[in-house]
Amino acid sequence: MKPIIMVNFKTYKQGSDAVNLAKKIERVDKNILVGVQASDIYEIVKKTKLKVYSQHVDYLETGRATGFVLPEAVKSDKAVGSFLNHSEHKLKFDVLKKTIKRCNAVGLKSVVFASSLKEALKIEKLKPNYLVIEPPELVGGKLSVSESKPELIEKIKKKLKMKFLVGAGIHSFEDVKIAMRLGASGIAVSSAICNVKNPEKKLRELVKG
Ligand code: G3P
């Protein structure tokens, strides 16, 4: 099975840098999912064929509120969906529930992050489109979840009914291979792609063509 690859741009890249990175990712594989800041969705959708996700949306309805990003807004910019509950943007469980509901209502897919198996089991009940488990202490580091917590991936595979991805510290083809062998359907990656000189080469290395 071909791994699902998600690249989270975080706040490492925005504006023209984000568009350039997206173009490089597209050259590797247009089926890669990218999570970008809401302000970059429109341009990246226009300039690539990638599946573009917002990094967050709020559950509010249209009306009197300031500074929120509504599901309708990213939908009209042609985002495919939204990331939610990343360890760097945690939501309370009831807020997450409402936000997934709002995404479903406007036709946005939800990619929900969990920091542990326990949290993943709770989130699974909300039926997101994708569930990504990332141990927060490994996020942004050099040691991957595949290298340092293979037993966690195996345990997730045993306990979860739905498919899942893993992320945190992923930086090599070996990391992707281990994750897939232990039962993940794909990986989420950020710093190994967003913060390198040649992201295209690194991404090709991760997915080995
Ligand atoms: O969402 C992916 C991300 O949190 C993983 O970050 O830098 O460890 O690949 P990184």
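In what follows, every heavy atom counts, from backbone to side chain, and hydrogens, waters and symmetry copies are set aside. Throughout, residue positions are numbered sequentially from 1 according to the sequence presented. Every number for a ligand or one of its atoms is a count from 1 in the order of the listing. Note that the structure is predicted; figures quoted are calculated from it, not measured.
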request  = Just let me know how V139 lines up against ligand 1, side chain, backbone, both or neither, with a heavy-atom cut-off below 4.0 Å.
outcome  = both
key: Sub-3.5 Å N/O-N/O distance, Y12 and ligand 1   = no
query = Which of the numbered atoms in ligand 1 are below 4.0 angstrom from a heavy atom of S191?
reply = 7 (O), 9 (O), 10 (P)
ask   = Does one side chain, of H86 or E134, offer a donor that lies under 3.5 Å from an acceptor on the other?
value = yes
query = At what distance, to the nearest 0.5 angstrom, does NZ of K51 lie from CD1 of I4?
reply = 10.5 Å
task = Answer yes or no on whether K122 is positioned over the face of F93, meaning its NZ or CZ is under 6.0 Å from the six-membered ring centre and within 45° of the axis.
result = yes
query = Considering only the protein, which heavy-atom contact is closest to atom 9 (O) of ligand 1, and what is its distance?
reply = S190 N, 2.8 Å
key: Exercise: do S116 and E119 side chains pair donor with acceptor under 3.5 Å   = no
ask   = Would one find an N or O of H86, backbone or side chain, under 3.5 Å from an N or O of ligand 1?
value = yes
remark   = Counting heavy atoms under 4.0 Å, the part of M6 that contacts ligand 1 is neither
ask   = Just heavy atoms, cut-off under 4.0 Å: does F113 contact ligand 1 by side chain, backbone, both, or neither?
value = side chain
inquiry  = To the closest 0.5 Å, what do you measure between CD1 (I153) and NZ (K157)?
reply    = 12.0 Å
inquiry  = Need the ligand 1 atom indices (1-based, order shown) with element for anything under 4.0 Å from a heavy-atom of G140.
reply    = 7 (O), 8 (O), 10 (P)
request  = Report yes or no: does H171 have a heavy atom closer than 4.0 Å to ligand 1?
outcome  = no
query = Taking the inter-plane angle between the rings of Y53 and Y130 on a 0 to 90° scale, is it parallel (under 30°), tilted (30 to 60°) or perpendicular (over 60°)?
reply = perpendicular
query = ligand 1 and A168, any nitrogen or oxygen pair closer than 3.5 angstrom?
reply = no
ask   = Which atoms of ligand 1 have any heavy atom of E134 under 4.0 Å away?
value = 1 (O), 2 (C), 3 (C), 4 (O), 5 (C)
query = Is a side-chain donor-acceptor pair under 3.5 Å present for D175 with S146?
reply = no
ask   = Does a donor on one side chain and an acceptor on the other come within less than 3.5 Å for K127 and S110?
value = no
